[in-house]
Every structure is written in structure tokens, then in C-alpha cells.
Amino acid sequence: MPEANGNGVRRRLLPLLNNRNGGRSAMTCEYRCGNQCAHPAPNESDNEYFGDMVSKAMSRRGLLRTGAVAAFVVGSGASATALAGAAPAARPAAAGGRPPGDGDLQVELPELGRPVNFMAVQDNTVDSVVVPNGYDWSVTIAWGEPVEQGAPEFDIDNQSVEAQLKQFGYNCDFVAVLPLDRTFDRALLWVNHEYTNENLMFRDWVDVASATEDQLKIAMAAHGGSVVEIERVGDTGEWKPAKRKRYNRRIHTWTEFEIVGPAAGSDFLKTGDDPSGTTALGTLNNCAGGTTPWGTILTAEENFHQYFGASADISDPTTRERFGRYGIRTSAGTSRGWDRVEDRFDLAKEPNEVNRQGWIVEIDPYDPKSTPRKLTGLGRFKHEGATISIAEDGRAVAYMGDDERFDYVYKFVSKNTYREGTDRRSRQHNMTLLEEGDLYVAKFTGNSPEFPDSPPNDGLFDGTGEWLPLIEDGESKVDGMSVEEVLVFTRLAADQVGPTKMDRPEDVEANPATGTVYVALTNNSRRTPAEVDEANPRAENRFGHVIAIDEAGNDAAAKTFTWQIVIVCGDPEDPETYYDGYDKSQVSMISCPDNVAFDPSGRLWIGTDGMPGSTGVHDGMFVMPVEGDDRGHLRRFVSTPIGAECCGPAITADGRTALVAVQHPGEVSGATVDNPASTFPYGDFARPSVVTIWRKSPSGGPYIGD
Ligand code: FEO
Ligand code: CA
Ligand code: CA
């Protein structure tokens, strides 16, 4: 393998002068995150924006990575599952079973550092999925299609709660594919259902106030996630739902979850329905996620605040402070109307119910009867996702972003170590790893003390960093806060230790081939010129950027790191932008980076959310080599339909299929079922859907990106 991240000559970055506002559809703002951008950023702490306080010399990026991650990536947003190098398993997993043996896929994998060869999809505004010449795509599953046994076919005019509980949920975000057999002809598809858009679901929808209880409950049933057994079509890269549904499962707002980890049973988590504080119903606003090397799904509860209303003002000052830091309402009112259906969504009646959302959830897709678990050890915030790496000493490390303007990047390091193998005992052990460990929050320090008064003296936005402890060795490292308080009110705890306020941390993922961790910072149009720092160097950042972190010693459990901005997004002709030093006349325009994935060849894939508002062209899926001569040559691989965000993305473990979640197609202000802004995917009205993309003519190689 060539030297990863080799230090080639980089183009000098020019001063950043951007002064434009961010933008996305007003309908998206209302439904996806409860208009959180319309409110002041909840982080009012006085943590610094200026990073250049320390210039401690640390080794620059560019070392060959070995052994940092004991796994290959299979899913999007964060998926690592063990696919190489361990004992074979002779038979497919049975329902209620476990994944095929570590790394025993009988498939040929592409070599590391493989060049990208397709011709980039151009900027466009087509109401469809557009893929490069030589590729094909199909809809794998769309909103309302049957998932569980006995589910009816979708009929938009005959929706019911009972049907939706068994059908594919609404907006699809994180996508993962986990193998069911050694030849990788059968697999499990996991998809998050982040939120609903009732305007585009019901012909007769007017507003929350006039919604029927059935409509509200159908929306509740359409949240959560789906497990769908899929199978390959012939010997192509295409996948379709299998007839067999042994693993198929809907997770929704009434699914029972176990609360585990140090905050389980805490007074902060007790409610009238659950005086033990250990059992919660439902998982809400599941955005990105990851898979673990032991074959489980991690799914992240993000903008959970919007589902809670209040029948009276919240007066207790401590509760008001805690709610305020999470953007949870403190005055009487509703946004989704769910508090009308169940008291648990009424903050005045059940102030602790909201503390039971905002977690990373672990789900075993190989056991449809398993109880999913909320992992309190990983802290509570607006979790974007979680990706697992294995540290030098075998501890499991989860990288996590808190997606809000001026919030932070976190990592969790397990107390116990990963046990290789997918035998039942190893798997049971590994499934406890994320229950106990240390929790850190990131501080980024620039190495150009004169910035922002003048451009960085080394022409790069880069520097050093520290993982500041919040919990270590089972003890709180935050003055005046107990372990339970740190974990349940993590944002308030982090405010006290001085992390760096970031431009909306979305996906944070390590590249299994190199160990380098990529942080997608999607945008932050509210950062003022006085608030820029070297890690967030652009005022009114509409386009976002991507930071690469190299852990000290390439050890995921390290407490220090170096970092460098590798993409400053936006129009390549804009002198403010930067594409890892590559000739910008050759790259595709990217903006608002959101989900990150890697293929078996170690190439970086990025899904975007917000290009229509920031650039006028549709969102998409992009690939960027991270080493060799083509490093930084970012190309658009997929463009998504009108109003849609490009989620997933996922590249399967064999490198032969890309999956994209077309989230909220047609989500344009004023659109309805009968007056759709998009008719993707079937030509009638807009339906969120998962799309599979594969090479049509595999001569010269069957791999995605060739
Ligand atoms: Fe649901 Fe942070 O995107
Ligand atoms: Ca610098
Ligand atoms: Ca996201």
C-alpha cells in the first residue's frame, strides 16, 4: 500500500471572505429538526472559538496506517464489520443467530488505493437519481412497502397504524448492509427512518392542530428503523428484498428498549410508566449510525426535542436550563402534536421522558426478537452517528458528532476489549463493550497563531488537538457533576471543560484503511467573523468543510491528535474553497457534507444535505481518493431528485454495490401529495426510498468507483 496521506505539495489556501447565508427548504426545516436553525444556538457557553493557543509540535499526517481498525467498512455513515482475516463459518446465520464468521466472505475484494475511473455526474436539477455512464440503479424499497410478515401493500388512500407498523417507514437516512452468507448473496439491510413529512404523506393534511389521532399515530409508526432481508439479483451488484422475511423487523415509537450503562436507573430517567428508569419506548429522529465489528447496528437519536410538547410552561429553573441547552421547549405549546396522543410526550406531565431520547442505540439485526439497547455511556446529545474503531489495545472506540451549530465532537473508549470471532460467546461479550468506558470531547488548536488576522502561515488550516475527559475510569471529570449528570446532560458537562465549538458536526468516521478520522462539518451560517478559528475558519459558513484527524500513534484510544482541513466546500471557482490540494478545475462542486463512508479500497465517500439551498444544484454522493496522485480529485457519483437529501451512502463489503437513501424527495415548500414537487421514484408522488447502484458492464472490474 502506498504511503497513506502522503505529504504532496499542497495548494496554498487563500483568505476566507465568505459572507453569505445558509439555506434549505422551509419545509425541511419544519419537519426534520423542528426549525432549530430559527432559534438561537443552544450553546451559550463561553468556550473559545479561537484555537491557536498552543503550538505543541506533533507529527504531521502522513504515516502509513496499520492495524488501527480490525475491520472493513460495509455500511454508510459508519459501518465497520469484520470481513477479513478470521475463521470461516460454513453456514448462513439462522434467524436469531449471528453473522457469518469474521472476514470469511468468499468474494474478491478490490485492492487498497484503487484509482477512480468513472466520469463525474455533472451538476444538475433532474428529478431522478443520476448515475455515471456504465452504471445502473433500481429502487430497492420505498416508503410503505411491506417489511414484516403480513404487511399489506402500500395504498396512500388506505393508510393505517397497523399497516405502517409493518411497512417500510418514512424518511430513510443511515443505510447498512450486513452479510447473511459467505458468498454475500444474501444480506440484511438496515435503514433509519429519521422523521416524517405529513404534508407529503396524507392527501387531506392541513396542520397539526386539525390532524386526526390516526394520522399522528401513523407518523409515529413511520419513525424508527427497518431490518429487511435482501438478496442479490443474479451475479450483478443489484439487490432486491427477499421473499423470505425471517429477519424482517420494524422498530418504531412503541418498540421497547433497554436502557444500559452507567446512567441506567438514574432518577433522571424515571417516569410514571417506568419507575425503574431502565426501559424506554421508541427511538426518535434516527439520523446516521454505524455497524460494529461484531455485527450490530448503531443508530443515532438526533433532533428528538421536536417531538415533545408542553401543556404548561416549565418553571423549574434547573429543568429550564437543561431543556434550553438541548433546544427543548420550556413554554406551553406543541410542534408535532404527539403530546395530544400520549402523555409521555407532554413535558409538563413527564419531564424525564425527554431524557430517554438523545442516545446511541445498539440493535442486533440477526436476532429479530432482541431488545435494542440505549447506550448511556456514550452520552446524550443530538447524536448524528457513531463509528467503531478498535484501538491498539483492543478497546472499542466510538467517534460521534453532536449536530447543532457550535456543538462538539466526542469519542467513547470502552473499558473492556474486543474479542475477535462471531461465535456466540465472543459476540455476547462484544455486545457489552459499549456499556462502560471513558467519554471525551474534542478541542482543536490551530498552529498558525496569527490566524484569522492573516492567512495561516503554513497555508493550511491545521493543528493539534486533545480529547478532554468527561468520564474516565468510571468517574466524572467535570466539577460539580455526577457520572449520571455528565451522561444525561452531556452538553452541559462538555461546556465546562473547554472543547471547540464546531460548524455542526455530522458524521465522524475512521477510514479502516488508514485510521484517519474524517469529520463532516456541514455548515454554520451563524458563525461571525469574530468567532472563526483555524478549525472553523469561515464566517457564515454556508458550504461546510471536512476535517481529517490523525490520532497520536495512530491509536484510536489516544488522548491527543493532529488535524487538517481537507475540503473547504463550495464552488471550486471560489478562491476560498480547497479540495485537498487538487487542481480545482478538475473536481465536482460539493457543499454541506453530511454522511461519510469508505469503500474496501479505502476511498472516502460523502453524502450531502443542503446543496440546493447553498449552490442551486441537487444533493449527491461524491467520492474522493485519499492517497496517491488522485488524492483530492473529488467527483460526483450520484445526483438525487428534487428536494431530496442524499443519505446513506453505503458501499457493500465486496465493493460492488452502492446504496443511497433518497431522503425527503419533493420536500419543497408548498408541495403536497396532489401537487408534488417530485414524483420520485414511481412517477405519482414523492416517496422516500433506498436505491441500489451497480456497474452495468463489469468488464475491467465490477467495483463501484471504477
Ligand atoms: Fe439528520 Fe445531522 O443530519
Ligand atoms: Ca495552519
Ligand atoms: Ca445527517
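Bear in mind that the values here come from a model prediction, so they are computed numbers and not experimental data. All ligand and atom numbering here is 1-based and tracks the order in the structure.
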- Does H664 have its ring centroid less than 6.0 Å away from the ring centroid of Y31? no
- Message: Of all the N, O or S atoms in E534, which has the shortest distance to the Ca ion (ligand 2)?
- Response: OE2
- Message: Under 3.0 Å from the Ca ion (ligand 2) - does any N, O or S atom of N457 fall there?
- Response: no
- Evaluation steps, salt bridge (Lys or Arg N to Asp or Glu O under 4.0 Å), between R380 and E301: CA-CA 9 Å; R380 175 173 163 269; E301 297 175 347; over 6 Å; no
- Counting backbone and side chain alike, does P456 bring an N/O/S atom below 3.0 Å of the Ca ion (ligand 2)? no
- Query: If you leave out waters, which protein N, O or S atoms are less than 2.8 Å from atom 2 (Fe) of ligand 1?
  - Reply: E302 OE2, E384 OE1, D403 OD2, E506 OE1
- Query: When you draw lines from the Ca ion (ligand 2) to OD1 of D458 and to OG of S448, what angle lies between them, to the nearest 10°?
  - Reply: 80°
- Query: With atom 1 (Fe) of ligand 1 as the point of reference, which N/O/S atom of E194 is the closest?
  - Reply: OE2
- Message: With rounding to 10 degrees, what does the angle L460:O / the Ca ion (ligand 2) / D462:OD1 come to?
- Response: 90°
- Query: Quick one: side chain to side chain contact (heavy atoms under 4.5 Å, CB included) partners of P641, sequence neighbours excluded?
  - Reply: D127, V129, A644, V662, S678, F680
- Go through the structure and list residues passing side chain to side chain donor-acceptor pair (under 3.5 Å) with N286, not counting sequence neighbours. T283, T299
- Message: Suppose we screen for side chain to side chain contact (heavy atoms under 4.5 Å, CB included). Which residues come up paired with R405, at least two apart in sequence or across chains?
- Response: C37, A41, R504, N524, R526
- Does the ring centre of W338 sit less than 6.0 Å away from the ring centre of F345? yes
- Query: Is the F304 ring parallel, tilted or perpendicular to the Y326 ring (thresholds 30°, 60°)?
  - Reply: tilted
- Fit a plane to each ring of F461 and F451, take the angle between them on a 0 to 90° scale, and name the class: parallel (under 30°), tilted (30 to 60°) or perpendicular (over 60°). perpendicular
- Message: Aromatic contact between F323 and H305, with the criterion being ring centroids under 6.0 Å apart: yes or no?
- Response: no
